[in-house]
Amino acid sequence: MTANNSLENLHPSIVWAHFATLCAIPRSSLHEAALREHLINWAQARGITADVDGVGNLILKNRPAALRGDAGCDSARPS
(Lines give C-alpha, C1' and ligand atoms only; values in the text may rest on other atoms or scores of the structure.)
Protein backbone atom coordinates (compact mmCIF):
# COMPACT_ATOMS: atom_id res chain seq x y z
CA MET A 1 0.00 0.00 0.00
CA THR A 2 1.41 3.38 -0.98
CA ALA A 3 1.08 6.54 1.10
CA ASN A 4 -1.38 7.99 -1.42
CA ASN A 5 -3.57 4.88 -1.26
CA SER A 6 -3.80 5.18 2.51
CA LEU A 7 -5.11 8.74 2.11
CA GLU A 8 -7.81 7.93 -0.43
CA ASN A 9 -10.47 7.04 2.13
CA LEU A 10 -9.93 10.03 4.40
CA HIS A 11 -12.36 12.95 4.47
CA PRO A 12 -12.65 15.68 3.48
CA SER A 13 -10.99 14.18 0.41
CA ILE A 14 -9.96 17.55 -1.07
CA VAL A 15 -7.80 18.27 1.99
CA TRP A 16 -6.06 14.92 1.77
CA ALA A 17 -5.56 15.29 -1.99
CA HIS A 18 -3.72 18.58 -1.35
CA PHE A 19 -1.76 16.90 1.46
CA ALA A 20 -0.67 14.09 -0.87
CA THR A 21 0.46 16.66 -3.46
CA LEU A 22 2.53 18.51 -0.87
CA CYS A 23 4.06 15.27 0.42
CA ALA A 24 5.13 14.33 -3.12
CA ILE A 25 7.35 17.43 -3.43
CA PRO A 26 10.86 16.66 -2.13
CA ARG A 27 12.13 19.14 0.45
CA SER A 28 14.72 18.98 3.14
CA SER A 29 15.59 21.64 5.69
CA LEU A 30 16.81 24.81 4.00
CA HIS A 31 15.86 23.39 0.56
CA GLU A 32 12.14 24.15 0.44
CA ALA A 33 12.17 26.23 -2.76
CA ALA A 34 10.22 23.70 -4.87
CA LEU A 35 7.44 23.45 -2.29
CA ARG A 36 7.37 27.22 -1.84
CA GLU A 37 7.08 27.74 -5.62
CA HIS A 38 4.26 25.20 -5.83
CA LEU A 39 2.36 27.03 -3.09
CA ILE A 40 3.01 30.44 -4.66
CA ASN A 41 1.62 29.22 -8.00
CA TRP A 42 -1.39 27.62 -6.25
CA ALA A 43 -2.13 30.86 -4.37
CA GLN A 44 -1.71 33.15 -7.37
CA ALA A 45 -4.04 30.98 -9.47
CA ARG A 46 -6.69 31.69 -6.84
CA GLY A 47 -6.06 35.41 -6.49
CA ILE A 48 -4.27 35.02 -3.16
CA THR A 49 -1.31 37.32 -2.54
CA ALA A 50 1.93 35.42 -1.94
CA ASP A 51 5.04 37.03 -0.46
CA VAL A 52 8.34 35.58 0.72
CA ASP A 53 10.14 37.34 3.54
CA GLY A 54 13.88 37.79 3.93
CA VAL A 55 14.44 34.37 5.45
CA GLY A 56 12.24 32.42 3.02
CA ASN A 57 8.95 32.22 4.94
CA LEU A 58 5.93 32.14 2.64
CA ILE A 59 3.17 34.56 3.61
CA LEU A 60 -0.26 34.14 1.97
CA LYS A 61 -2.88 36.88 2.25
CA ASN A 62 -6.45 36.49 1.06
CA ARG A 63 -9.03 39.25 1.00
CA PRO A 64 -12.38 38.58 2.75
CA ALA A 65 -14.99 36.98 0.48
CA ALA A 66 -17.23 40.04 0.69
CA LEU A 67 -14.44 42.23 -0.72
CA ARG A 68 -13.65 39.69 -3.45
CA GLY A 69 -17.29 39.63 -4.54
CA ASP A 70 -17.86 35.92 -3.95
CA ALA A 71 -19.53 33.73 -1.34
CA GLY A 72 -16.25 32.32 -0.02
CA CYS A 73 -16.60 29.12 1.98
CA ASP A 74 -20.38 29.53 2.13
CA SER A 75 -20.53 28.29 -1.47
CA ALA A 76 -18.21 25.30 -0.92
CA ARG A 77 -19.70 21.84 -0.91
CA PRO A 78 -18.08 19.04 1.08
CA SER A 79 -16.59 16.31 -1.07
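Computed from a prediction, not measured in an experiment: that's the story for all the values here.
Between I40 and L58, the shortest heavy-atom contact is CG1-CD1, 3.6 Å. Nearest heavy atoms, E32 versus R27: CA-CB, 4.2 Å. Residues A34 and P26 approach most closely at CB-O, 4.5 Å, considering heavy atoms. The nearest pair of heavy atoms linking V55 to N57 is CG2-ND2, 3.2 Å.
When atom types are taken as modelled, the side chain of E8 and the backbone of S6 share no donor-acceptor pair closer than 3.5 angstrom.
In this structure, the separation between CG on L60 and OG1 on T49 is 9.0 Å, given to the nearest 0.5 Å. To the nearest 0.5 Å, atoms CG (L35) and OG (S28) are separated by 11.5 Å.
Between I48 and W42 the shortest side-chain heavy-atom distance falls below 4.5 Å. Residues L39 and L22 are in side-chain contact: their nearest non-hydrogen atoms beyond the backbone lie under 4.5 Å apart.
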